[in-house]
Amino acid sequence: MLLEVNALRKTFGGLVAVNDVTLEVAPRTIVSVIGPNGAGKTTFFNMITGIYEPDQGSIKLEGRDLVGCSPDQVAHAGIARTFQNIRLFGAMTALENVLVGRHARLKTKLWDAVFHTKAYREDESNGRQAAQTLLDFVGLGKQAGELAANLPYGDQRRLEIARALATTPKVLLLDEPTAGMNPNETEDAKTLIRLIRDELGVTVVLIEHDMRLVMTISEHITVLDYGTKIAEGGPRDIRNNPKVIEAYLGRGAAAGEYGKE
Amino acid sequence: MTTKPMPTRPNKPMSPPSSAATGWLLFYSALSSGILTWITRSDITKGMGNFQALFLSLIFTAFLMNVLFAYQWKAAPWAKILVGLISLLVIMPLAGIANGYLFELALQIGIYAALALGLNIVVGQAGLLDLGYVAFFAAGAYIWAIFGSSQIGKILGNQALIDSNGLSGGYFWLFLFLGVGVAALIGILIGLPVLKLKGDYLAIVTLGLGEVIRVLANNLTPLTNGPIGIDGVKRPDTTWIDGLRGTFGLSDAQFPLLIMYLVVLGAIAVVIVVNIRLENSRIGRAWIDIREDEIAAQAMGIPLVKAKLLAFAAGASFAGLMGVIFAAKQAFVSPESFTFFASIGVLTMVILGGMGNFAGVILGATVVTLLNLSVLKGVSEAMKGLNLPAELDPAKYERLLFGVILILMMIFRPEGLLPAKRKLAAAHIDEPKDDSQGKLPVTTAPSITPKGGK
């Protein structure tokens, strides 16, 4: 297993946000974590990426324990993420945003930058090239010089993915990558997520509310409700799991109708 | 999304130079330089009585605008460089030699400009509000003041060092580097425990630490000579170019001022180059990211504390450098120069000029120093003839005027006189009408919310 999360638990005061959740992610897969609002999905992501420290449990990336690591150490180790509410650096250009993602992989030291050493120039031009390649990959090659804040919403989401990919992660965590997108944009996002796995070989874990996307793209689905894992399995199992239907899908219409906005 | 077009955008080439701008620039600089040189060498101002100071300061201000125009106008590059170099390296020294007061003023502006540039890294780029910045300035100043005067002899009880009045002036050049190092070290030591704090908390702690350094200087009498301060601090040793003194026919008082002026110019040049290079490296980008969004920056692999420490140390080291120069220029150092108001003053320069933009910061330092030391005093001098009551003396309203200027700036031009391009764009991002256009939404609408269930 590439990523092994074992019995992870987090409480905020009396509220158990995540209750002994276990998740195993095989290399080169696309897996989803779903659940109603407030089920603890984002908290779960925040623990994996070091923003919150779990009360209990372990997080292992290729056998290396990441509990207690700071977010930048987690990024160095090979887990990158995007955010539910886009957190781009709005006053930087698209290219610069992606360059920031390269930060961990660039090696320029203070002196190199001050004296413009050969190492600095090579590092910088390599970084820019890599960043441009990634922008091309997500389809933003022509917008490299635009300020991130000026990009349309869908492009901002894609830029955030490019920025995360710039850290050359082994696992990419996407927190609601299609939230607020129209069906066309969602379709593009789906293609992009598949490309990330197929061409870059990056394992993808997503939190998503769009059931149609989840059901078509994921090889494995984990369902959380009130912080507890209530089901896991392939899309077909989840669709027919009575617990899931009751907790989540069953509140209104049938599963097939979701995501048709 | 229908965002209105941004006025400026990074990485875009400037529009081509216009020959009209080139002409105007050359004309203006020739005129203002000519007037300044003539005024300082003639007796014409003597007959102006009370208006002399004001007149001189306005002429001087007009002359300094040369450099600003050379930077700002879309003139041909050769003209910009020519005007800048001649103004700073020929006209200014000439005027300064003729009129020591103007030289003093220029030195003061230079020192504050470099200080503001250092603070700009901390506040403008990394977004760490530091209210105790002069502490590092004080560290640099005291280092040279102690070693470059008889104080070191008194501390060590060494009669030879007392007699020789401390280390020789040649050590000044070494202490420029020592000042940088010591201030950076203090920056790191102070930064380590406090940089985990954010925003307001950090500001309060730095405010306290700044005061601690000043109080230490005030009370560590054996080391710093307490509130009396240290005098007789040596000027840099320049025997190797002493021949030039005769060539230019300079007096003993004029020559050291000229040297200090050149040292300050050199220091500013170094500070600017380092500033720009850092800004365009991964280190500078990391600072901007931390300012914009700490969580996202960290998630991208930027070590928060390390990057902040680096910003703190870089800013501190510039202050240390200028401290050494300040001590040598004043030949006297006392805790009074390093009060909380001095920190606020430097911060005012950064904010007034344009946080994050080095040209703006220099402009801010120039404007504030000119107002403080020259224009306001000139105005109050000029109003003497009116026989107004003492309460209406404009020099007494210095701080009031600054307060008003700052408030007006924050209302009408929060990005500063010469805003950083990024900041300008960011200032527009923050406008509420842009938020409604769906960028960077705070909450996202989950598309699965079952409509039937509501």
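Order of the sequence lines fixes the chain letters, A, B, ..., with proteins taken first and strands second; residue numbering starts at 1 for each chain.
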Revision key, fill the gap. Chain A shares the most heavy-atom pairs under 4.5 Å, among B:Asp289, B:Leu304, B:Ile276, with B:Asp289
Review point. Going by distance alone, is a donor N or O of one side chain under 3.5 Å from an acceptor N or O of the other, for B:Gln298 and A:Ser70?
Key: no
Check your understanding: In terms of heavy-atom pairs under 4.5 Å with chain B, which of A:Glu160, A:Glu124, A:Arg81 leads?
Key -> A:Glu124
Review point. What residues, two or more places apart in sequence or in another chain, satisfy salt bridge (charged side-chain N to carboxylate O under 4.0 Å, His left out) together with A:Asp188?
Key: none
Review point. By a 4.5 Å heavy-atom criterion (distance strictly below it), what part of B:Ile295 contacts chain A: side chain, backbone, both, or neither?
Key: both
Practice item. Spell out the residues in residues 162-174 of chain A that have some non-hydrogen atom less than 4.5 Å away from a non-hydrogen atom of chain B, in order of number; otherwise answer 'none'. Key: A:Arg163, A:Ala164, A:Thr167
**Study point:** ring-ring contact (aromatic ring centres under 6.0 Å, His included) pairs, two or more places apart, involving residues 74-118 of chain A
**Key:** A:His116-A:Tyr120
Check your understanding: Is there a donor-acceptor pair under 3.5 Å between the side chain of A:Ser218 and the backbone N or O of A:Ile221?
Key -> no
Study note, to complete from the structure: If one checks every heavy atom of B:Ala297 against chain A at 4.5 Å, the contacting part turns out to be both
Point to revise | Main-chain N/O of A:Asp175 paired with A:Thr82 side-chain donor or acceptor, under 3.5 Å | key: yes
Check your understanding: Would A:Ser32 and A:Glu208 count as a side chain to side chain donor-acceptor pair (under 3.5 Å) if you check the C-alpha gap in whole Å, the side-chain angles of each, and the deciding distance to 0.1 Å?
Key -> CA-CA 7 Å; A:Ser32 295; A:Glu208 189 47 75; over 6 Å; no
Review point. Between A:Val74 and chain B, which part of the residue has a heavy atom less than 4.5 Å away: side chain, backbone, both or neither?
Key: neither
Review point. Got a sec, which residues hit salt bridge (charged side-chain N to carboxylate O under 4.0 Å, His left out) with A:Asp155, two or more places apart in sequence or on another chain?
Key: A:Arg158
Practice item. Measure the CG-CD1 distance between A:Leu159 and A:Ile86 for me, rounded to the nearest 0.5 Å. Key: 9.0 Å
